[in-house]
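Numbers for residues simply follow the sequence, beginning at 1.
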Amino acid sequence: ISVVGVDPTEDYVSFARRGVPSSRATFQVSAAESLPFPDNSFDAAMALLVLQEFDDPGRAVREMARTTRRAGTVAASLWDFAEGMLMVSLFWQAAEAAAPEAVARRRAEHPPSRLGLQTLHELWIDAGLAEVRTACLELSQEFSSFDDYWLPFLTGCTPLCAFAVAVNRETRGELAN
């Protein structure tokens with residue numbers, strides 16, 4: 001068994017390489033929407049908590065399907081931003097209080113993701129996948145401190161995190177308070 005991981009962010013790829021020092025695991029910088037692998041390269045493909053970040057998640061799903069062998073498995077998980085991710089809901093409440101104009105601009109330029117189970121099912125079908133099943137998994141998030149909650153937002157590695165960094169800078173730290 002071998003694993004190949006891709007991410008468009010070099011820092012994430014470097015972290016994965018350091019965290020999984022195995023010859024059976026390789027990691028490389030790549031966009032999910034244009035995977036650098038031949039057709040039918042893998043037995044399985046998975047997108048873990050990223051499809052909601054893409055402007056065109058269908059393109060990434062089609063690439064996963066293209067690079068997965070016939071009768072292979074294509075899977076994904078995604079955050080439920082619409083119905084219950086308290087961590088993000090609290091962030092938006094704080095951002096609206098600290099910088100309402102910036103939040104309004106952000107939402108106008110990047111409407112919130114509406115990617116849910118039904119849309120995910122449709123993406124799989126549109127990509128030509130069969131035996132499509134979806135399910136909801138619930139988990140709780142616990143934070144040991146405010147920094148434990150807040151510091152991941154300051155990585156700037158996702159569009160939401162980049163927005164958090166910008167608003168925190170523009171408000172001179174008011175967002176974190």
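- Hydrophobic clustering, with ILVMFWY side chains joined whenever heavy atoms are under 4.5 angstrom apart, keeps F42 apart from V29.
- Note on V4 and L48: separate hydrophobic clusters, where clusters join Ile, Leu, Val, Met, Phe, Trp and Tyr whose side-chain heavy atoms are under 4.5 Å apart, directly or indirectly.
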Give the table of side-chain donor-acceptor pairs shorter than 3.5 Å for residues 166-174, with sequence neighbours excluded, one pair per line with atom names and distance.
residue	atom	partner	partner atom	Å
N168	OD1	A176	N	3.3
T171	OG1	V167	O	2.8
T171	OG1	N168	O	3.4
T171	OG1	E174	N	3.3
T171	OG1	L175	N	3.3

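- If you chain together hydrophobic residues whose side chains sit under 4.5 Å apart, L151 and L49 fall into the same group.
- Hydrophobic clustering of Ile, Leu, Val, Met, Phe, Trp and Tyr side chains at less than 4.5 Å, counting indirect connections, keeps V13 apart from V3.
- For the pair F27 and D7, the minimum side-chain heavy-atom distance is 4.5 Å or more.
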Practice problem: Evaluate the criterion side chain to side chain contact (heavy atoms under 4.5 Å, CB included) for residue pair H121 and L117; output intermediate values, then yes/no. | Solution: CA-CA 6 Å; H121 186 272; L117 291 181; over 6 Å; no

Side-chain donor-acceptor distances from residues 136-145 under 3.5 Å, at least two apart:
residue	atom	partner	partner atom	Å
S145	OG	D147	N	3.4
S145	OG	D148	N	3.1

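- Taking CG of D43 as the reference point, atom CZ of R69 lies at 4.5 Å (rounded to 0.5 Å).
- Legend: side chain to side chain donor-acceptor pair (under 3.5 Å) pairs involving residues 93-103, not counting sequence neighbours, sorted by first then second residue: E96-R107.
- Under the side chain to side chain donor-acceptor pair (under 3.5 Å) criterion, the residue pairs touching residues 12-34 are E10-S14, with sequence neighbours excluded.
- Here the shortest heavy-atom pairing between P100 and A98 reads CD-C, 3.8 Å.
- Between the CG atom in L160 and the NE2 atom in H110 there is a gap of 11.0 Å [rounded to 0.5 Å].
- Distance check: L123 CG to L129 CG gives 10.0 Å after rounding to the nearest 0.5 Å.
- Using a 4.5 Å heavy-atom threshold, the side chains of L78 and L120 count as touching.
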Using a 3.5 Å cut-off and no angle test, enumerate the donor-acceptor pairs between side-chain atoms of residues 60-68 and protein atoms at least two apart in sequence or in another chain.
residue	atom	partner	partner atom	Å
R62	NH1	G58	O	3.3
E63	OE1	L35	N	2.8
E63	OE1	R66	NH2	2.9
E63	OE2	R66	NE	2.9
R66	NH1	F37	O	2.8
R66	NH1	D39	OD1	2.8
R66	NH2	L35	O	3.0
R66	NH2	F37	O	3.0
T67	OG1	E63	O	3.0
T67	OG1	M64	O	3.3
T68	OG1	M64	O	2.7

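- The side-chain heavy atoms of S77 and M46, taken from C-beta on, include a pair separated by under 4.5 Å.
- V20 and V50 fall into different hydrophobic clusters, where Ile, Leu, Val, Met, Phe, Trp and Tyr side chains are chained together by heavy-atom contacts under 4.5 Å.
- Sorted by first and then second residue, the ring pair (Phe, Tyr, Trp, His ring centres under 6.0 Å) pairs with a member in residues 151-177 read F91-F153, W92-F163, Y149-F153, W150-F153; sequence neighbours excluded.
- Minimum interatomic distance between A76 and W124 (heavy atoms only, all atoms of both residues): CB-CH2, 3.5 Å.
- Here CD of Q52 is found 12.5 Å from OG1 of T119. Values are rounded to the nearest 0.5 Å.
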Practice problem: Starting from the C-alpha separation in whole Å, work towards a yes-or-no answer on side chain to side chain contact (heavy atoms under 4.5 Å, CB included) for V88 and W79. | Solution: CA-CA 10 Å; V88 175; W79 294 117; over 6 Å; no

